[in-house]
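Worksheet for the structure shown next.
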Amino acid sequence: MAAVVRLHHVEFLCCQASERALTFAESYGFKPFAKAIDAVAVKSGSSVFVFRERSTADYLVDTVKTLALEVDCPRQAFDSALEAGASAESEPLTSKSELGSCSTAAVRTPFGNVCLLFVHSKDFSGCFLPGFSGVECDESHAEMTSYCDHITFACPLGSLDQHVAWYERCLGFRRFILNRTESDEYGFVVDSELGNVGLRLKAMDYWRCSEIGVSSNGRTSSGREVKLVFAEPLEGVGANQVQTFLDEHRGPGIQHIGLHTADIAAATESLQKHGVSFVCPPPEYYQELRSSLSWPSQQLLATLQEHSILLDSEDRSPEDPEPPSSPRYLMQAFTQSLFSERTFFLELIYRAGAQGFGAGNISALWRALQHHLHSVDAKQT
């Protein structure tokens with residue numbers, strides 16, 4: 001089993017890829033930095049997105065197709081994935097030039113249209129990958145996000161545990177707790193009295209230091225670890241946002257990516273000024289915050305509501321030697337779908353000591369998304 005070093009990049013398949021890449025970069029604070037014949041690469045901090053031209057032979061709708069993982073040995077990762085049930089997308093290949101060497105291999109996972117590209121680019125000095133040439137970056141364009149915090153998959157009913165087991169067996173990912181109320185067996189269950197939000201979640205991560213026996217307790221996010229979250233609808237809850245993704249995406253796939261930002265209010269304000277629309281929690285959400293949390297000021301709560309930002313505190317962990325001196329919390333904001341179908345979206349996330357995903361925020365997010373979907377359906381009818 002090859003060691004995962006980091007998330008190298010994420011690749012989208014979409015129509016008019018070059019135009020979409022430039023529009024995305026302008027709106028979301030990314031910078032174009034490399035291009036190939038049919039693709040453009042953009043970056044913000046350590047997050048790299050590649051927009052590649054899609055044909056109907058590739059997939060029927062715009063989609064997130066590939067997760068590229070930097071690994072120690074692409075061939076070893078490739079062989080492990082095949083043994084775990086993946087199929088070959090591209091055979092192991094090492095490209096050599098005056099810029100050095102770069103090794104790659106790719107597999108199609110057993111779930112949906114997602115491919116894994118294994119990359120070893122440590123000895124390559126080019127702008128990105130072989131086949132790409134550099135483009136000038138506008139250094140005055142402020143980057144609003146610094147790294148990829150997590151990647152969330154939408155899974156059909158009954159398949160979540162298969163996804164989790166495959167990534168554990170194939171790549172050595174391990175479960176981590178989203179919230180201490182979750183069950184080891186069932187994961188974190190989100191339900192509502194309305195009966196239309198139900199889903200369950202499990203999360204996994206791969207932290208390099210775990211290979212040499214260094215404990216992960218108390219570590220802080222740095223962008224080096226790779227976190228995956230898997231969501232599936234609960235049985236009998238009717239139409240909900242996970243099922244909407246599965247229907248409009250034509251199967252399982254990557255539903256959203258969380259991007260870390262150091263200033264979520266400034267980031268959401270900038271994106272909104274550039275035309276990005278966010279999912280707006282109902283006003284009742286902020287009324288509940290005022291009554292449930294004592295420490296946020298009225299000014300902070302007003303800012304959160306203005307920019308559609310969710311806030312949740314994280315309780316003290318049993319591993320903490322003493323209570324934290326200040327509240328641990330996370331803030332999140334969620335864009336509407338990037339594509340014409342109600343499928344993929346982005347999340348902005350800011351962490352102040354919080355490591356997981358607050359139960360209140362997860363529930364509030366899905367309620368807000370459900371409210372948004374109902375609003376869209378009402379306008380269409």
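Computed over heavy atoms, backbone and side chain alike; hydrogens, waters and symmetry mates excluded. Remember, predicted model here, so these are calculated numbers, not experimental data. FYI, the numbering just counts along the sequence from 1.
Side-chain contact, Q255 with H249: no donor N or O sits under 3.5 Å from an acceptor N or O. Between the side chains of E70 and S121, at least one donor N or O sits under 3.5 Å from an acceptor N or O. Side-chain atoms of S55 and D58 form a donor-acceptor pair, as typed in the model, at a separation below 3.5 Å. Donor-acceptor pairing under 3.5 Å is lacking for the side chains of T145 and T261.
Taking the six-membered ring wherever Trp is involved, the centroid distance between the rings of H163 and F173 does not fall below 6.0 Å. The aromatic ring centroids of F128 and H9 lie less than 6.0 Å from each other.
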| request: Step by step, work out the side chain to side chain donor-acceptor pair (under 3.5 Å) result for H260 and S146. | output: CA-CA 6 Å; H260 177 269; S146 53; 3.0 Å; yes
| message | For L93 and E91: C-alpha separation, side-chain torsions, deciding distance, then whether side-chain contact (heavy atoms from CB on, under 4.5 Å) applies. | response | CA-CA 6 Å; L93 173 69; E91 296 288 333; over 6 Å; no
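One finds no salt bridge joining K65 and E11 here, because no Lys/Arg side-chain nitrogen approaches an Asp/Glu carboxylate oxygen to under 4.0 Å. A salt bridge does not link D123 to K96: none of the charged side-chain nitrogens sits closer than 4.0 Å to a carboxylate oxygen. Ion pairing of E182 with R175 is present here, as a side-chain N (NZ or NE/NH1/NH2) and a carboxylate O approach within less than 4.0 Å.
For the pair T303 (side chain) and Q299 (backbone), a donor-acceptor distance under 3.5 Å is present. For the pair R174 (side chain) and D205 (backbone), a donor-acceptor distance under 3.5 Å is absent. Formation of a donor-acceptor pair under 3.5 Å by the R108 side chain with backbone atoms of A88 is found in this model. Side-chain atoms of E232 do not come within 3.5 Å of backbone N or O of L201 as any donor-acceptor pair. Here the side chain of R54 pairs a donor or acceptor atom with the backbone of Y59 at under 3.5 angstrom. With T268 contributing its side chain and A265 its backbone, the two residues share a donor-acceptor pair below 3.5 Å. At distances below 3.5 Å, at least one donor-acceptor pair connects side-chain atoms of S159 with backbone N or O atoms of P156. Side chain of T109 to backbone of V114: a donor-acceptor contact under 3.5 angstrom is found.
Judged by the 6.0 Å distance and 45° axis criteria, K202 is not positioned over the aromatic ring of F188.
In this pair, Y350 and Y329 present their aromatic rings tilted. The plane angle is within the 30 to 60° band. Relative ring orientation between F24 and F49 is described as tilted, the plane-to-plane angle lying within the 30° to 60° band. Ring-plane geometry between Y167 and F153 is classed as tilted, the angle between the planes lying from 30 to 60 degrees on a 0 to 90 degree scale.
For the atom pair CG (L116) and CG (L171), the distance works out to 6.0 Å, reported to the nearest 0.5 Å. The CG atom of D247 sits 12.5 Å away from the CD atom of E341 when rounded to the nearest 0.5 Å. Note that the CG atom of L311 and the CD atom of Q305 stand 12.5 Å from one another [nearest 0.5 Å]. In this structure, F118 CZ and Q76 CD are separated by 10.5 Å, a value rounded to the nearest 0.5 Å. Interatomic distance, H150 NE2 to I349 CD1, rounded to the nearest 0.5 Å: 5.5 Å.
Checked options T63, V61, D62, I254; the residue passing with F344 is I254 (criterion: side chain to side chain contact (heavy atoms under 4.5 Å, CB included)).
Side-chain contact between V10 and V50 is absent, with no heavy atoms from C-beta onward closer than 4.5 Å. A heavy-atom distance below 4.5 Å is found between the side chains of F33 and V48.
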